[in-house]
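Everything below concerns the one structure shown next.
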Number of protein chains: 2
Amino acid sequence: MASIALGFEAAGIQTKDRNVKKNKDVPAEEHSGPLMADVARLAGVAISTVSRALANPGRVNEKTRAKISAAAKQLGYTPNAMARGLRVGKSNIIMIILPGSLHYGASQIIPQILQGINRSLSQHGYHLMIANLDRDETSEQHILDLAFGGTVRGVIIFSSQLPVDGNRSLADTALPIVSLLLDMSESSLPSVVTNDRQAVRQATQELIELGHTRFLYIAGPTGNYHDVERYGGALEALREAGLSEQHVVRSGGAHSYQLGFRTGVEAADDFARLEVKPTAVIATSDDMAISFMSRVQRMGWNIPTDLSLVSFDGSPVCEFSTPPLSTIEQPVEEMGQAAVALLIERIEQAHIRTATRIVVPSRLIRRESMAAAKPGLNILRS
Amino acid sequence: MASIALGFEAAGIQTKDRNVKKNKDVPAEEHSGPLMADVARLAGVAISTVSRALANPGRVNEKTRAKISAAAKQLGYTPNAMARGLRVGKSNIIMIILPGSLHYGASQIIPQILQGINRSLSQHGYHLMIANLDRDETSEQHILDLAFGGTVRGVIIFSSQLPVDGNRSLADTALPIVSLLLDMSESSLPSVVTNDRQAVRQATQELIELGHTRFLYIAGPTGNYHDVERYGGALEALREAGLSEQHVVRSGGAHSYQLGFRTGVEAADDFARLEVKPTAVIATSDDMAISFMSRVQRMGWNIPTDLSLVSFDGSPVCEFSTPPLSTIEQPVEEMGQAAVALLIERIEQAHIRTATRIVVPSRLIRRESMAAAKPGLNILRS
DNA sequence: CGCCATTTAGCAAACGTTTGCCAAAAACCA
DNA sequence: TGGTTTTTGGCAAACGTTTGCTAAATGGCG
């Protein structure tokens with residue numbers, strides 16, 4: 001407007017005008033969509049009335065409200081989320097932080113988790129943004145920018161530690177955070193977890209009852225929460241049965257879960273090298289179990305006659321391996337829903353400060369890969 | 001609201017006071033974080049200088065810039081994304097629309113796709129939001145609200161049609177959109193696809209060269225783009241070899257891909273019922289192939305001696321089935337990257353209007369599930 | 001030292017909503 | 001009908017940035 005007026009004012013001095021323009025970016029006149037003001041004009045009311053009619057219907061006459069929403073529909077009006085978010089100081093976006101090695105355990109559970117969470121969130125009017133937490137600094141920065149920049153309203157952190165960058169830490173946010181799969185209730189983060197330890201203990205107990213006394217444990221990344229818990233559960237069962245830690249051989253542990261299949265292959269090689277063969281194998285993920293099984297079968301061992309096998313995750317594919325694989329199924333759907341419920345509770349009632357812990361139990365699905373130990377056959381030659 | 005007010009009215013005069021308050025919400029004094037104004041004050045410059053120093057470093061003295069970014073770091077300042085977005089009229093969020101039956105083909109490819117896309121986006125400073133496109137109306141509304149409400153800056157639509165709701169359609173947005181997996185370049189949407197048709201044709205040709213003349217085709221959802229393409233490819237190969245459509249039996253087609261395993265199981269039953277047995281099976285997803293294989297093996301058939309098998313998707317698990325499964329691998333990583341590249345190109349240079357089509361070829365991974373047809377053994381009894 | 005060209009910094013107006021406050025209208029009661 | 005309560009609508013000020021314009025500062029040159 002001002003520049004046009006200037007142009008008219010001094011028609012001869014075009015240069016001047018040009019110079020002025022150098023500093024000027026186009027104001028992006030392209031937002032196109034109808035504004036609340038357009039709706040108000042069409043409905044013959046004030047903007048504020050439109051706002052109230054759309055967001056807080058109780059506060060406006062029904063007849064007016066109808067007129068307004070008709071106008072809105074006619075124009076195809078959609079309120080601008082950023083303007084709203086800026087004004088009310090909150091967004092309706094939830095961020096889920098996924099570990100860099102995305103394929104934790106069986107990759108199959110990630111889509112289920114994401115879908116379950118997204119559905120639950122949608123029902124409450126929230127949207128889902130995903131963030132990858134790699135080991136590099138930039139990914140942590142991105143996440144913290146999202147958190148501190150007001151883009152997100154709450155965080156679900158999936159089997160990871162809270163990211164930190166410089167003097168900013170996710171823990172310092174006022175944002176509600178829920179930890180999924182990783183128990184961080186000690187650090188006063190509400191957590192939704194499954195009973196890794198107990199589930200593995202129970203599976204080990206069953207193997208012991210079937211007569212097994214020598215175990216191969218195929219480990220996840222050393223130090224990983226899930227690996228520690230699961231191995232701990234196996235050891236507990238052994239101890240209860242009066243068996244020492246000598247009765248279990250560990251394999252794997254060097255790789256991230258992303259390489260589950262490779263870990264299983266290497267475990268099969270380890271197995272082949274052992275003088276004293278275990279009769280039962282506990283794998284910390286289905287991927288490992290499947291590739292392990294494939295390799296040892298190829299080497300000539302029979303499952304479950306020579307070797308029983310049980311793993312963790314509950315991927316659907318386990319039902320269709322040969323033989324069908326016993327696995328500890330994680331109730332991903334329920335866990336996702338529980339996490340969302342917890343998060344929304346924190347969002348909507350800011351006064352909740354107690355750190356809850358919700359344990360959704362995993363359950364062992366018994367299939368043909370588990371059988372009684374071969375009596376008196378504790379030593380096999382490779 | 002109205003009824004509550006009536007209740008108060010009857011109660012007495014306290015109502016007045018309460019009613020006044022009813023209209024008042026706390027102004028949410030809790031944004032907490034440091035503002036650009038705080039940084040400016042600490043650095044001893046004006047707000048606008050801070051803004052320019054942070055976003056457009058060339059426009060401000062280096063010494064000043066250093067002072068400002070030191071101040072920003074000291075305060076842990078993070079710019080508010082919604083305020084920025086509102087002002088500049090654009091966000092930095094990309095939305096990916098996933099089909100409601102999320103487990104298209106092998107669910108394994110979804111996490112890979114998502115991770116690949118998210119990584120590429122991160123590098124360009126964008127964030128990824130996921131949206132589920134279910135069959136219900138609310139999910140379409142949610143998606144359109146995101147698109148029209150200015151929340152997102154671009155859209156990647158994964159193997160789905162554009163959602164429509166009332167008089168709003170994603171097609172009407174000014175937003176850049178890229179279609180992934182589904183070829184919509186005819187509808188002037190830039191698309192990144194793989195060569196479904198040609199890949200299946202080639203695999204079928206190889207089977208024919210191995211002496212196979214009777215096929216079982218395990219179909220995806222009837223009418224689905226991928227199913228049409230893949231079946232078409234198989235038919236083309238048959239026709240080229242002078243074989244009529246009679247030489248292929250279709251199974252499945254009724255379910256969504258989500259039930260891939262079940263489709264395979266039912267295909268095995270169909271197979272058992274056939275008088276004239278096919279000698280080769282083409283499955284449209286790895287899930288189907290795996291469950292099919294498991295069942296027919298259990299019924300006593302041998303793979304690949306009695307029956308050759310090839311499927312689509314390239315899930316890692318195929319390498320470890322018994323026997324290892326031949327599969328057509330989709331280059332998901334490259335496809336994701338290509339989609340992002342295309343999208344960012346459209347975002348940053350708004351003048352591109354030509355609809356591109358990028359074909360990233362799939363490749364057949366040959367494993368033991370494919371072998372020569374048993375000579376002269378076209379009919380087996382069940 | 002003075003004049004002009006070029007940087008650099010600051011003011012204030014946007015961006016599109018929501019909402020406190022107040023005025024107007026409506027409804028009710030006597 | 002007049003006064004009082006209740007409801008409804010409108011004005012304008014936020015929310016935290018970016019940015020056009022202008023003022024000030026800096027530097028170059030005669």
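Protein chains get the first letters and strands the later ones, always in sequence-line order, with residue 1 at the start of each. Scope of the values below: all heavy atoms of this structure, side chains included, with no hydrogens, waters or symmetry mates.
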Consider the side chain of [X], meaning its heavy atoms from C-beta on, and name the nucleotide among [options] that approaches it most closely.
| X | options | answer |
| --- | --- | --- |
| B/A46 | D/dT17, C/dG10, D/dG10 | C/dG10 |
| A/R52 | D/dG20, C/dT19, C/dT17 | C/dT19 |
| A/T49 | C/dA9, D/dT17, D/dG10 | D/dG10 |
| A/P79 | C/dA9, C/dT17, D/dT17 | C/dT17 |
| B/V45 | C/dT19, D/dT19, C/dG10 | C/dG10 |
| B/A83 | D/dG10, C/dG10, D/dG16 | D/dG16 |

*Side-chain N,O (A/S51) to OP1/OP2 (C/dT19) below 4.0 Å*: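 No, A/S51 has no side-chain N/O under 4.0 Å of OP1/OP2 on C/dT19.
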*asked:* Check this one for me: any side-chain N or O of A/Y77 less than 4.0 Å away from OP1 or OP2 of C/dG16?
replied: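 For C/dG16, neither OP1 nor OP2 has a side-chain N or O of A/Y77 closer than 4.0 Å.
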How many Å lie between [atom1] on [X] and [atom2] on [N], as a whole number?
| X | N | atom1 | atom2 | result |
| --- | --- | --- | --- | --- |
| B/K63 | D/dA25 | NZ | C1' | 13 Å |
| B/R65 | C/dT7 | CZ | P | 19 Å |
| A/K67 | D/dT8 | NZ | P | 13 Å |
| A/I47 | D/dA13 | CD1 | P | 14 Å |
| A/E62 | D/dG9 | CD | C1' | 16 Å |
| B/L75 | D/dG16 | CG | P | 15 Å |
| B/M36 | C/dC11 | CE | C1' | 16 Å |
| A/M82 | D/dG16 | CE | P | 16 Å |

*asked:* Tell me whether the side-chain N or O atoms of B/S48 pair up with the base of C/dG10 as donor and acceptor below 3.5 Å, since no angle test is needed here.
replied: yes
*Might you point out which heavy atoms bring A/V152 and A/L175 nearest each other, and give the distance in Å?*
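Closest pair (atom of A/V152, atom of A/L175, distance): O-CD2, 3.4 Å.
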*Please report the shortest heavy-atom distance between B/G336 and B/I117, naming the atom on each side.*
CA-CG1, 3.7 Å
Donor-acceptor contacts, no H, no angles, side chain residues 33-43 of chain A, under 3.5 Å, sequence neighbours left out:
unit_1	atom_1	unit_2	atom_2	d
A/D38	OD1	A/R41	NH1	3.3
A/D38	OD1	A/R41	NH2	3.4
A/D38	OD2	A/L35	N	2.7

*Test item: side-chain donor near acceptor, A/D136 and A/S139, under 3.5 Å*: yes
*For B/G44 and for B/L86, locate the closest nucleotide of DNA chain C by heavy-atom distance; then report the residue assigned to the nucleotide nearer the 5' terminus.*
B/G44
_For B/R153, give me all partners under side-chain hydrogen bond (donor to acceptor under 3.5 Å, both in side chains), at least two apart in sequence or on another chain._
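side-chain hydrogen bond (donor to acceptor under 3.5 Å, both in side chains) check on B/R153 returns nothing, list empty.
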